[in-house]
Colleague: 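Right, I'll just put the structure down here and ask away after.
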Amino acid sequence: MALITNIDPQQDLIESTEGIYLVDAGAGTGKTYSIVNRYKNIIDKNVDPENILLVTFTVNAANQMKQRIIKILSEKIDVFKLLEAPVMTFHSFCSLIVKKYGVSSPSYLGLKNYLPANFDIIENSEFESEMFRKFYMSFTDRHRNIYENIFYILQKESDNILKIIKKLCSLGIYPEDRKWSKDAHDLLKGDYEAYSALFDDLNKPEASMKGGEKFNKLKNRFTSALRDKLYPDLDEEKIFDEKRVNSDIKDEIFFDDLQEEYISFLKDIYIEYLEFLLDRNQINFEFMVMFAYLTLLKNEKVREKLQFDYVMIDEFQDTDEIQFKLIMLLCRNLNNKINLCVVGDWKQGIYGFRNTKIENITQFGNSLSLYKDELNQDETRIKYDVTDFKKITFENNYRSSYKILEFSRETLFVKGSAQEEVDSEIIEINFKEPLKEKFNFDEFAEIEFYQAVDKSDEYQLVLKKISELLNEKEKYKIRVYNKATFEIIEERPVKYSDICVLSRNKKFCLELQREAIKAGIPANYGGGLEIFSSEQGIIVLAWLRLLSDERDIQGWIPVLEMDGYTYPEIKGLFEKISENGIRLIPDIPESAAKFLKHLKSIRNNLLGIVEEILGKYNFNDAIGNKIISIINSWNKNDLISLNELIRIIDRSKNSEHKIGTGENTDAVLMQTIHASKGMEYPVVILSNVNNHNFPVFRQDSGSIYFHEISGVRSKKFFAHKNEYYFMFDNWKSDLIRSICKKNNYDEDRRLLYVAATRAMQYLFFTAYSPSSFMTSLSERTGKEIIGNFDYEIISNKPIPDKTVTKIKLPGKIAKSKKFLSPHSLMELAPDVEPEYGLPEPEDVEQPFQFNKSRFEFGKIVHEAANKIANGLEINSDIEEINRIKKFIGYLNANELKPEIDFLYPEGDKVIRGTIDLLAFYDDRIEIIDYKTDRSRKYEDKYRIQLGIYKKVIEKIYKGKKVICRIYYVRLDETVELS
DNA sequence: ATCGGTAGGGTTTTT
DNA sequence: CCCTACCGAT
């Protein structure tokens, strides 16, 4: 007997068709190949295609899968049969279930509505947001008597509430018969045991390097919240021990009387939103999956009809809880066994914001058992054994150089912040060693870290690197393999299209692309053109705005620009009319007025209006048509109003609804990491690895939140204070939050992993303010960050819609120098009162109104002033802002430069600061500083501050006369300093 | 070198 | 809301 052991995991999977399999298929391990061949293998056993379910999570992947299946099976099986086979995305499969069997599925929740098969799926999140807002407004009207306080607290939080409803939905939590089941209710109350364990762990004493005890994690986390918030009922003595948080408060903060009210509120809004959508024959993705799930869960006959002998799930790391349960219900029980194969890579799970649950794959076995129990609670639905499953791990990589494979594993251990402690043990267990390379790239592989000075310098750095890659033809070469025979086809110089620049966010990509085009480097943005940012989209929005308010300058600018007006001309047109402070309709061209009148005459036909606008400019192109079809889909049955449409378009500008730009020239691709998933490129430049950008910290803003451990919590409450009824910050729920929230850089680490594993040969990192990801990677791999610090920096903050001006200061700044702020210099001055900068007594009372941080007012005024000086239109009810508007209007300067950040070397120190406004005149430069003080008593100190600004400006503009002025906004007084 | 306090700055991804 | 960097004290 021949002893043949099959050691290739890939082959193992293809041949093992019976039983439960968890396949860990890392990046570039030939996952699609294996799935398709396994599918073929099952077919070879004479299984009918309609008995094999194969689902993935993207339309592209599903199409690709189907095509390849047809390709290898078309000789054996009828193509039409294959075309009809259930190989599709998860969502289209759910849609099929609901359409075929789900007409009365709302009844499972005790709702009277039906879900007819012709329902509309809401695909655009901005659109849904707007629909929900509308619904929420009527909901508050109907329930004001019961939830008065909640509505006051959650007035503007419809987005946040919608998010919570969707999260509950993807966890399989829904109200039945207009109440929460006991289990659902328990989940909404939170998990005290888990909370308690976390509390104790975070509140452990923290050993100090000096031998004693230092502030522990919990105390540290909470003290930072104390800075920006005011907790009127907080007794610091009571909640803090010297170095820790007082454990006595553990129970006090968890058991909260207000919680029940919120739980009940969520139930009502959940049900009524469902009814709202169903009344309109609409549904969102989350509810569609839920109804598919309910259809299977509650109806045994349908379940039997729908079950498959073979189930394969691709991209399993992208499933959420209800989806996994639904998958379990779809497996046909065959002698207490099922044939289920889930394929995925936990290291590439990057859709947490869509409520995917990474534990589905990282703790597959536990999840199976847990979900089986839950599904069988009231009725035995899952009869098969879930304890017997086999794990297959793919080890061979058919994409990258060894250097990259080795390096990419390191990305999973990297720190997200300097303080973070990564649990490396878990990673060591689940990812013991780098994947094995199948293609050898020898010396044509490299990884480097680069540092720029500032953002615009980073753009230039990336572009310089791109040129270098193309020009240094001996150093950089692309080795092309025949992927079937493993032979080298050619070694050739780098082309633009070999290069992909990745960024954590879109903004950086888009700006970089603009810079690249300017520099003559062909570049495409990977997401396609954003349709409402196109010329067509902008002009449609502009006219809609004018239709709503013909004084809207934001509407007039694009319209008049299309008519050939220049920006200063348009500004002039508006300045004339705003002199006396009342905004009037400007003196506009007759043709525009006529067209506007025409649009008004067909006011109630939104689609017709859009068609007219596009027709006026002859935009009868692909983009124009797409705009019409999108607006048509939103406006079915005339559901939305003009102002709603304006808001949706405005919010859609930088997001969904892309149109392929049809580019296939040789160009560099620039895209987000999310968009790059599944792709591979010979050269990858991961840019924008900057603090705050990558990793980003997701913050759950909003006054209500839900977390599995904390349950439903409100961050605000009402109470009496000084005879008035005020809204306060709730320190208890803030503290619970800081306990329950994990350090969630895990997902960003996986994003880093995804980014690194896109590269085949060359991988470069760039940043101007390297985040912990970059410094930590540099440390782990021993690779230096290459940078040039002999720069002088002085630059403006980027202003939206305005180009950034940049000025250079003489003198060099060394990396290790100490920084000083003008304020700290002021404090060093002899006559400085210690309370400088603190709010005056009357200011302290203010924040009790609405969670405004103490310095918010000054911030708002400065921000507004910055925008005004940049020529942006500001409409504000705040008197001080209108005063600044006037003030700037009277300046009559040749040029205004607001918010100039400077670094000014002096001796061994560097002074760092921001100048509010520079006004340039023929004979002088004025430095202007806004103050929101209620008196002039600190003027002497400000003299020091402005004195420093003066020195800086005199150094840049040698020989110019420089004058310093303070504008006291509250006093409406200008003072020239001598 | 380490710790606590303080100040300032920026804020995402999309089936 | 959270991170980094600075400052002063030890």
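Proteins get letters first, then strands, A, B, ... in listed order; numbering begins at 1 in each.
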Colleague: What's A:Asn693 touching, base or sugar-phosphate or nothing? Going by heavy atoms closer than 4.0 Å.
Modeller: sugar-phosphate

Colleague: Are the side chain of A:Glu747 and the backbone of A:Gly352 linked by a donor-acceptor contact shorter than 3.5 Å?
Modeller: yes

Colleague: Tell me: NZ of A:Lys163 to P of B:dT13, nearest whole Å?
Modeller: 14 Å

Colleague: Are the ring centres of A:Phe773 and A:Phe765 closer than 6.0 Å?
Modeller: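 No, too far apart.
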
Colleague: Go nucleotide by nucleotide along DNA chain B from the 5' end; which of A:Glu213 and A:His692 gets its closest nucleotide reached first?
Modeller: A:Glu213

Colleague: Once rounded to the nearest 0.5 Å, what's the spacing between atom CZ of A:Phe706 and atom CG of A:Leu171?
Modeller: 6.0 Å

Colleague: Report the distance from atom CG of A:Asp320 to atom P of B:dT15, rounded to the nearest whole Å.
Modeller: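 Checked: the CG to P distance equals 15 Å.
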
Colleague: Could you please name the option among C:dT4, B:dT14, B:dC3 that lies closest to any side-chain atom of A:His674?
Modeller: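 Out of C:dT4, B:dT14, B:dC3, the nucleotide with an atom closest to A:His674's side chain is B:dT14.
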
Colleague: Phosphate oxygens OP1/OP2 of B:dG4: is one of them under 4.0 Å from a side-chain N or O of A:Lys243?
Modeller: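 Answer is yes, contact under 4.0 Å.
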
Colleague: Quick one: A:Phe285 CZ to B:dT15 C1', roughly how many Å, whole number?
Modeller: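 For the pair A:Phe285 CZ and B:dT15 C1', the rounded distance is 6 Å.
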
Colleague: Reckon A:Asn691 has a side-chain N or O less than 4.0 Å from the OP1 or OP2 of B:dG10?
Modeller: no

Colleague: Whole angstrom is fine here: how far is it from CD in A:Gln348 over to P in B:dT15?
Modeller: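 In whole Å, B:dT15 P lies 16 Å from A:Gln348 CD.
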
Colleague: Check whether any side-chain N or O of A:Glu321 sits under 3.5 Å from a backbone N or O of A:Lys357 as a donor-acceptor pair, and report yes or no.
Modeller: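 Flag not set: sc A:Glu321 to bb A:Lys357 has no pair under 3.5 Å.
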
Colleague: Expressed in angstrom and rounded to an integer, what is the separation of A:Met290 atom CE from B:dT15 atom C1'?
Modeller: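 Going from CE in A:Met290 over to C1' in B:dT15 covers 18 Å.
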
Colleague: Hydrogens and angles aside, do A:Asn691 and A:Ser771 bring a side-chain donor and acceptor to less than 3.5 Å of each other?
Modeller: no

Colleague: At under 4.0 Å, does any side-chain N or O of A:Tyr745 touch on OP1 or OP2 of C:dC3?
Modeller: yes

Colleague: Are OP1 or OP2 of B:dT12 and a side-chain N or O of A:Thr672 less than 4.0 angstrom apart?
Modeller: no

Colleague: According to a strict under-4.0 Å criterion, is A:Lys677 in side-chain N/O contact with OP1 or OP2 of B:dT13?
Modeller: no

Colleague: Write down the distance between CD (A:Glu420) and P (C:dC1), rounded to a whole number of angstrom.
Modeller: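 Value for this atom pair: 20 Å.
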
Colleague: Which residue, A:Arg737 or A:Ser771, contacts DNA chain C at a nucleotide closer to its 5' end, judged by nearest heavy atom?
Modeller: A:Arg737

Colleague: Quick one: do the A:Asp318 and A:Thr356 side chains pair a donor with an acceptor below 3.5 Å?
Modeller: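 Side chains of A:Asp318 and A:Thr356: no pair found under 3.5 Å.
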
Colleague: Among the nucleotides C:dT4, B:dG5, B:dC3, which one has an atom lying closest to any side-chain atom of A:Phe215?
Modeller: B:dG5

Colleague: Measure from the side-chain heavy atoms of A:Lys214 and tell me the nearest of C:dC1, B:dT13, B:dC3.
Modeller: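 Side chain of A:Lys214 sits closest to B:dC3.
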
Colleague: Closest to the A:Arg354 side chain: B:dT15, B:dT12, B:dT13?
Modeller: B:dT15

Colleague: With respect to the phosphate group of B:dT11, does any side-chain polar atom (N or O) of A:Lys507 fall under 4.0 Å of OP1 or OP2?
Modeller: no

Colleague: Can you check the A:Lys506 NZ to B:dT13 P distance for me, whole Å?
Modeller: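 Result: 5 Å.
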
Colleague: How many whole angstroms separate atom CG of A:Asn220 from atom P of C:dT4?
Modeller: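 Between P of C:dT4 and CG of A:Asn220: 14 Å.
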
Colleague: So which one's nearest nucleotide on DNA chain C is more toward 5', A:Ser417 or A:Asp734?
Modeller: A:Asp734

